[in-house]
Amino acid sequence: MSYGKYFVIWIWLIVLLAAGTFISTLPISKTTAVGLILFVSLIKAILVALFYMHLKFERLVPLWIVAGFPFFLIGLATLLVFAGIVSG
Amino acid sequence: MTTDAHSVHTGDTSTGIPSAKLGMWLFLASEVMFFTGLLGATIVLRAGMAHWPRPGEDLSIPLAAMNTFILLSSSMTMAMSVAAVHQADSKKIRLFLLLTILLGTAFLGVKGYEYSIKFAHGHFPGTALFWDCYFTLTGLHGLHVLAGIIANLWILWLTFRPNFLRSDGHRVELSGLYWHFVDLVWIFLFPLLYLI
């Protein structure tokens, strides 16, 4: 990937950072806010993993399995956060 | 291909993945489990508590957002350093590694400033369950940032050795994977501790 493309990903990450922070100030229900903020964080994480960690360009199945497992766990943890905080 | 210097040093295997890279991913998988356990503990403790600080009540969202900005930026410079390896551009490898190290140090500086404010207000580990979680998660994450800075400093030193690209160029990518992982952890710590 070129430097320019990494910069474009960075712009997206900063926009999402601003969006997540802004959402936390909105007078919306806690469930909606938590859901939206975690969704924005998940998109950020996916952008970093796919482009900065080059997972988008890995064609090797074993690496996807090794790499995919932690991200599956992150997804699971995100769901737990959502369920835990909304109910708490 | 199996006899050239690159293959010898990266240890290409029958899986088609260099051993060092596979090893780094396995290590990162174990690291995810390490942090997932701590995050899970925080969520369970939070669910059982009558009082938990609201967003912005005890922690500064602007400071944390600035630190997120710094760490996301450092991920970009780290990725650019890996790109420079592929272009065999030693000057840019060093420049982007140095920027990554400086941004990582800035992150720790802001975190240290944040800690000093908390200490001044009498918030220490052990004073409340929230602060136990906060200091455990951010402290262990901070140690990971420090480890990443040390790894990058070591690689920066390696770049000045002859034949760096042939013998140790792949280390930039390995260190990069670790650095991005540390960024990923913060991407989840930031909303969990500060925003929700």
Side-chain angles (χ1 to χ4, degrees), chain A residues 1-3 5-7 9-11 13-14 16-18 20-21 23-25 30 33-38 40-49 51-55 58-74 76-78 80-88, chain B residues 13 15-17 21-22 24-26 28-33 35-37 39-40 42-49 52 55-56 61-62 64-65 68-69 72-73 75-80 82-84 86-87 92 96 173 176-177 179-181 183-185 187-192 194-196:
Chain A
M1 267 175 80
S2 66
Y3 299 121
K5 281 181 182 161
Y6 285 129
F7 183 70
I9 298 295
W10 177 80
I11 298 277
L13 289 170
I14 300 307
L16 288 167
L17 161 65
T21 311
I23 291 166
S24 73
T25 64
K30 195 173 181 181
V34 170
L36 282 174
I37 288 168
L38 289 180
V40 167
S41 297
L42 205 58
I43 300 294
K44 269 197 288 189
I46 288 170
L47 283 177
V48 169
F51 296 99
Y52 287 172
M53 297 175 97
H54 295 150
L55 278 183
E58 298 286 355
R59 294 281 172 263
L60 301 160
V61 174
L63 192 59
W64 264 103
I65 296 169
V66 176
F69 186 63
F71 292 109
F72 165 74
L73 284 177
I74 286 180
L76 203 66
T78 308
L80 274 174
V81 175
F82 186 70
I85 290 173
V86 168
S87 66
Chain B
T13 62
T15 57
I17 307 167
K21 195 169 172 178
L22 187 62
M24 179 52 80
W25 275 107
L26 282 169
L28 294 186
S30 75
E31 285 277 85
V32 169
M33 288 184 260
F35 276 105
T36 307
L39 287 171
T42 302
I43 294 157
V44 171
L45 290 170
R46 178 178 181 160
M49 289 291 288
W52 196 266
I61 294 176
T68 311
F69 177 87
L72 289 173
S73 304
S75 253
M76 176 184 70
T77 56
M78 188 76 230
M80 286 177 169
V82 177
H86 295 300
Q87 295 176 359
K92 279 195 174 149
F96 289 124
E173 186 187 2
L177 284 175
W179 190 261
H180 298 310
F181 164 78
D183 186 22
L184 278 186
V185 172
I187 284 176
F188 287 100
L189 282 189
F190 171 55
L192 181 69
Y194 295 85
L195 296 184
I196 57 181

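Lettering of chains follows the sequences in order, A, B, ..., and the numbering in each one begins at 1.
Both the backbone and the side chain of B:Ala84 have a heavy atom closer than 4.5 Å to some heavy atom of chain A. Of the atoms belonging to B:Phe190, it is side-chain heavy atoms, and not backbone ones, that fall under 4.5 Å from chain A. Interface remark: B:Ser73 contributes backbone and side-chain atoms alike to the contact with chain A (heavy atom separation under 4.5 Å). The parts of A:Phe7 that come within reach of chain B are both its backbone and its side chain, each placing non-hydrogen atoms under 4.5 angstrom from that chain. Neither the backbone nor the side chain of B:Val44 comes within less than 4.5 Å of any heavy atom in chain A.
The shortest distance between side-chain heavy atoms of B:Gln87 and A:Tyr3 falls below 4.5 Å. Between B:Leu177 and A:His54 the shortest side-chain heavy-atom distance does not fall below 4.5 Å. Using a 4.5 Å heavy-atom cutoff, the side chains of A:Lys44 and B:Leu72 are in contact. Side-chain atoms of A:Met53 and B:Leu28, non-hydrogen and from C-beta on, do get closer than 4.5 Å to each other. Contact annotation: the side chain of B:Phe96 never approaches that of A:Tyr6 to less than 4.5 Å [non-hydrogen atoms, C-beta and beyond].
Centroid-to-centroid, the aromatic rings of B:Phe181 and A:Tyr52 stay 6.0 Å apart or farther.
Of the listed residues B:Met33, B:Glu173, B:Met80, B:Lys92, the one with more heavy-atom pairs under 4.5 angstrom with chain A than any other is B:Met80. Highest contact tally toward chain B, considering only A:Leu13, A:Leu17, A:Thr21, is held by A:Leu17 [criterion: heavy-atom pairs under 4.5 Å]. Counting heavy-atom pairs closer than 4.5 Å to chain A, the top-ranked of the candidates B:Pro55, B:Ala83, B:Ser75, B:Gly40 is B:Ser75. Note on B:Ala79, B:Ser30, B:Ala65: by heavy-atom pairs under 4.5 Å with chain A, the leading option is B:Ala79.
Atom OG of A:Ser2 is separated from atom NE2 of B:His86 by 13.0 Å, given to the nearest 0.5 angstrom. Distance check: B:Ile196 CD1 to A:Ile23 CD1 gives 11.5 Å after rounding to the nearest 0.5 Å. To the nearest 0.5 angstrom, B:Ile187 atom CD1 is 10.5 Å from A:Ile46 atom CD1. Taken to the nearest 0.5 Å, the CG atom of B:Leu192 stands 9.5 Å off from the OG atom of A:Ser41.
In terms of heavy atoms, B:Pro191 sits closest to A:Ile37 at CB-CG2, 3.6 Å.
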